[in-house]
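Reviewing the structure listed below.
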Amino acid sequence: MKMQQSLFSASLVLIVTFFYTTSAQQSPVQAPAASPPTIPTLPQSPPASPPGLMNTVPLVPVSPNAAPSPTIPKAPTIDIVQILSKAKRFSVLIRLLKTTQLINQLNSQLVTSGSGGLTLFAPEDSAFSKLKPGFLNSLTDRQKVELLQFHTLSSFISISNFDTLTNPVQTQAGDDPKRLQLNVTTYGGAQVSMTTGAVNATVTGTVYTDNKLAIYEVDKVLLPLDVVLPKPKAPSPSPAKSDGKKKSSPDQSGDGNKNTNDDDGAVPVDSSEGTLSFKVDTVLWMSFVVGLAFAGGSMV
């Protein structure tokens, strides 16, 4: 009995071993299972704040190792033409500033660091109408620029500080006191008048003022003497000298001879030869007769 059980167990082991070997030979080798692809995660936007509350989350994420840089506000730009346009009575001045391109220089001076500001005297359109017709058209481009610079000071002057200026006041046109003189006079700290030697003007109002720019309205165009006074005429060429002596006319030659005789002390005589000969003969005969009479008297 034990013998039969041992044979059965051995047969069972052989059958199982044969079956497992056959199954392994028939099934293919499987590749290792691939890992699922990794999906990149996008940064999540901050949650929206409830209505009525300010969002304090920065739009640009801040790195953990660096602090956010402070935002420096830009200084507001000042446009002189825009200021004058709002006043609606400086169209001629605006046209001159644009055609001479001086407006670009003035605006750049306002935003330059370290600049002391600007003070502009602005004649309104009625002030330009007081000039003689065609005056502006008669000026050269250089004279137009000089005229506008003569209305500009290179510093900010408030209406109450005009009494601190020293006459003649230097403008952007130059510091020549003879042709570019500008003298300022104040009355009561609020009324300001000025003279150029050719024009007397008065500040009639303030168009614009801040800590960098002051624009004051004046009732007349400030004309410097260099523009008003006529230019000296060029000297005319001297006449060419003649090589020979100037011929005198018969009358002039007679006068010259008469003057010469007067200077020599000679007695004037008639120019007729016959009259001269008669007088000479008469003098000789009278001398001869007087001589004979004197000789006869002596003999007696």
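Along the sequence shown, residues carry numbers from 1.
- When every heavy atom of Leu223 is checked against every heavy atom of Thr196, the shortest pair comes out as O-OG1, 2.8 Å.
- At a threshold of 4.5 Å between side-chain heavy atoms, the hydrophobic network of Ile, Leu, Val, Met, Phe, Trp and Tyr places Leu120 and Phe90 in one connected group.
- The hydrophobic cluster containing Leu180 also contains Val184, counting ILVMFWY residues as joined when their side-chain heavy atoms lie under 4.5 angstrom apart, directly or transitively.
- In this structure, a donor-acceptor pair under 3.5 Å is absent between the side chains of Asn183 and Thr195.
- Between the CG atom of Asp79 and the CD1 atom of Ile103 there is a distance of 6.0 Å, given to the nearest 0.5 Å.
- Here the side chains of Ile157 and Phe162 are in contact, with some heavy-atom distance below 4.5 Å.
- The hydrophobic clustering, which links ILVMFWY residues whose side-chain heavy atoms are closer than 4.5 Å, places Phe135 and Val92 together.
- Counting only heavy atoms from C-beta outward, the side chains of Leu97 and Leu148 approach each other to under 4.5 Å.
- Between the OG1 atom in Thr186 and the CG atom in Leu165 there is a gap of 9.0 Å [rounded to 0.5 Å].
- Residues Leu106 and Thr152 are in side-chain contact: their nearest non-hydrogen atoms beyond the backbone lie under 4.5 Å apart.
- Counting only heavy atoms from C-beta outward, the side chains of Leu118 and Leu110 approach each other to under 4.5 Å.
- A donor-acceptor contact closer than 3.5 angstrom links the side chains of Ser158 and Asn161.
- Put simply, CD on Gln101 and OG1 on Thr99 are 8.5 Å apart, with the number rounded to the nearest 0.5 Å.
- Ion pair Glu146/Arg179 flagged as a salt bridge, since at least one NZ, NE, NH1 or NH2 atom sits closer than 4.0 Å to an Asp/Glu carboxylate oxygen.
- Note: Thr206 OG1 to Ile159 CD1 = 5.0 Å, rounded to the nearest 0.5 Å.
- Judged by distance alone, with hydrogens and angles left aside, the side-chain atoms of His151 form no donor-acceptor pair with the main-chain N or O of Ala122 at under 3.5 Å.
- Both Val192 and Val169 belong to a single network of hydrophobic side chains, linked directly or stepwise wherever heavy atoms of I, L, V, M, F, W or Y lie under 4.5 Å apart.
- The shortest heavy-atom contact between Val218 and Ala127 is O-CB, 4.4 Å.
- In this structure, CZ on Arg95 lies 8.5 Å from CG on Asp125, to the nearest 0.5 angstrom.
- Summarising the geometry of Ser85 relative to Ile94, their closest heavy-atom pair is OG-CD1, 3.5 Å, with the distance given to 0.1 Å.
- Nearest heavy atoms, Val203 versus Met194: CG2-CE, 3.7 Å.
- Checked by atom type and distance alone, the side chain of Thr202 never pairs as donor or acceptor with a backbone atom of Thr204 at under 3.5 Å.
- With a 4.5 Å cut-off on side-chain heavy atoms, Leu102 and Leu96 do not count as touching.
- Residues Phe156 and Lys212 are not in side-chain contact: their nearest non-hydrogen atoms beyond the backbone lie 4.5 Å or more apart.
- Not one N or O on the side chain of Asp175 forms a donor-acceptor pair closer than 3.5 Å with the backbone of Gln170.
- Other residues, nucleotides and ligands place no more than 12 heavy atoms under 6.0 Å from the NZ atom of Lys98.
- Closest heavy-atom contact between Ile83 and Ile215: CG2-CD1, 4.0 Å.
- A donor-acceptor pair under 3.5 Å links the side-chain atoms of Gln143 to the main chain of Thr140, judged by distance alone.
- Side chains of Phe121 and Leu153 form a contact here, defined as non-hydrogen atoms less than 4.5 Å apart.
- Follow the hydrophobic side-chain contacts under 4.5 Å out from Phe128 and you reach Val81 in the same cluster.
- The CG atom of Asn167 sits 6.0 Å away from the OG1 atom of Thr185 when rounded to the nearest 0.5 Å.
- Proximity of Ile80 to Tyr208: side-chain heavy atoms (C-beta onward) are nowhere separated by under 4.5 Å.
- The minimum heavy-atom distance linking Phe150 with Gln181 is given by the pair CZ-O, 3.4 Å.
- Under the side chain to side chain contact (heavy atoms under 4.5 Å, CB included) criterion, Ser154 pairs with Gln172, not counting sequence neighbours.
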